[in-house]
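Accompanying notes for the structure given below.
Note on naming: letters A, B, ... go to the chains in the order of the sequence lines (proteins, then strands), and numbering restarts at 1 for each one. Side chains are part of it too, since the values below use all heavy atoms of this structure and drop only hydrogens, waters and symmetry mates. In this text, all values refer to a predicted model and were calculated from it rather than measured experimentally.
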There are 2 protein chains.
Amino acid sequence: MADSARRTGRPRSAAADRAILDATRSALAELGWSGLTMGDVAMRAGVAKTTLYRRWTNKSEMVVDAVAVLFDELELPDRGSLRADVEGVVLSFAALLERPEAKTALMAVVAEATRDEALRARIRTAIVERQKHLVVTGRRRAQARGELPPDAPGPEGTAAADRAADLIFDVIAGAVLHRSLVSAQRVTPAWARALTALLLHGLSPAGPAAEPAPDGSGGA
Amino acid sequence: MADSARRTGRPRSAAADRAILDATRSALAELGWSGLTMGDVAMRAGVAKTTLYRRWTNKSEMVVDAVAVLFDELELPDRGSLRADVEGVVLSFAALLERPEAKTALMAVVAEATRDEALRARIRTAIVERQKHLVVTGRRRAQARGELPPDAPGPEGTAAADRAADLIFDVIAGAVLHRSLVSAQRVTPAWARALTALLLHGLSPAGPAAEPAPDGSGGA
DNA sequence: GCTTTTCGATACGGCTCGTAGCGTAACTCA
DNA sequence: TGAGTTACGCTACGAGCCGTATCGAAAAGC
């Protein structure tokens, strides 16, 4: 992990890496986070328990690495409209969260991360920042279609665009997460449509001019 | 828990109930979910460990009860406009999630609940359904102010209103949860304003008429 | 006073964690 | 080819926690 420039000595086994992460995912799927034990993962992977501790200091850190690749399966094909793109990513993310290894692990490591700064950083870089490109490209596409206004020029506009992408990411991912894991209800195509409609048009029926904003910084 | 109509025998000590739940919260704040042990809670509460297991079958079930009362502190004072009400509840919920005992416990029990139907039900009734009235009253107020269209009459309209409240709840709570715990970034007043603006007016600049909906069921 | 239930205290088996020690395997460099 | 260095498998270990069992004492109703 630390130095890839390790010249001398026996190198780390890449096969062991894969076997361990695969074993971690299957153990998560079968036993859940609380049922997952390091000894069991080692046995499933066909390696010694010490081999796990040479790579990760924690169960949590190992699980983050094991689960992060699942999120890389998310894609954003061009479905022709912003509405279709949003609905698509909502359903994709919901399908991902229905996989038992994903949902049990994600919430558990986030819970662990509330008291572990290093783990928070690992989650951000391995999962959150890695998937934010979905929003960025979806937004850019919509701007090219004329569905969204272009970003303001200059560094000011870039910062605003970043904030907008962050916000949209938290809203979409958070809504799906809350619906399926906290409220514990299924994400149906109808729900995805309703969420998309709310996201595109908001609650106010008359659009942005319905209530005059007291300050001019309201733009998302 | 089960029968409050228990006539004979020594009654459960209400003082022990309170002491245990208080001890659970303080232990959560100091040690986090993974550091919490039943023996430690019993010692802090001044009761025997067996007294805990007479009341709850699980660490998770006990923690849900201990944390649920924190969420009851959430209120929705009438701030005069839908915009102000939404911003207020967003900031209140974010402040709640900054309390260490709340964030570490909520995510952990949700993770546990992915493999435990009884725990899912307990979370739904003790936390989710219990706080949904915030959305219902906020929505009703906005309708009275003319900021939102009234519900359609009849059972059809009531069901649609329920779905809308559920959706809004998942979006607001999910966004705050994801922002502060998964993305691990602070919920600032500026972010709350931006989220509220997005929620009220949506992404599309021209309002609901920007893109004609292919089906008529898109209303939130 | 009798029954019923709770309570505190203690003890226990079973499991997991994370580490240590050892001999062996794999790879680099001289 | 041989020396140095690191990874690996295996075994064992102390420490800690879980959830249960058992016991006598306490607190209520009938």
Problem - Heavy-atom neighbours of B:Glu156 CD exceed 12 at 6.0 Å - result: no

Practice task
Ignoring hydrogens and angles, state whether a donor on the side chain of B:Asp170 or A:Gln185 is under 3.5 Å from an acceptor on the partner side chain.
Solution key: no

Handout entry: Neighbour count >12 (heavy atoms, 6.0 Å) for atom CZ, B:Arg140
Key = no

Handout entry: side chain to side chain contact (heavy atoms under 4.5 Å, CB included) partner of B:Glu61, the single match among B:Glu112, B:Arg122, B:Arg55
Key = B:Arg122

Exercise for the section: Nearest whole angstrom, please: distance from the P of C:dT19 to the CZ of A:Arg55. Expected result: 16 Å

Practice task
Starting at atom CE of A:Met43, determine the distance to atom C1' of C:dC17, rounded to an integer number of angstrom.
Solution key: 17 Å

Exercise for the section: Note down the inter-axis angle between the two ends of the helix from C:dG1-D:dC30 to C:dA30-D:dT1, five pairs each, to the nearest 10°. Expected result: 20°

Problem - Aromatic plane relationship, A:Phe71 with A:Phe93 - under 30° parallel, 30 to 60° tilted, over 60° perpendicular - result: tilted

Exercise for the section: Compute both the distance and the angle, then confirm whether A:Lys59 meets the cation-pi test with A:Trp33: under 6.0 Å from the six-membered ring centre, within 45 degrees of the axis. Expected result: yes

Exercise for the section: In whole angstrom, give the distance that lies between atom CZ of A:Arg12 and atom C1' of D:dG9. Expected result: 15 Å

Practice task
Take atom CG of B:Leu31 and atom C1' of D:dC17, then tell me their distance rounded to the nearest Å.
Solution key: 14 Å

Handout entry: For atom CD of A:Glu61 and atom C1' of C:dG18, their distance in whole Å
Key = 15 Å

Practice task
Please check if the side chain of A:Thr196 supplies one atom and the backbone of A:Ala192 the other of a donor-acceptor pair under 3.5 Å.
Solution key: yes

Fill in the blank from the handout: Reading nucleotides 18-30 of chain D from 5' to 3' and marking B where a protein heavy atom lies under 4.0 Å of the base, S where only the sugar-phosphate is that close, and - otherwise, the string is SBBB----BBSS-

Handout entry: N/O donor-acceptor pair under 3.5 Å between B:Ser26 side chain and B:Ala23 backbone
Key = yes

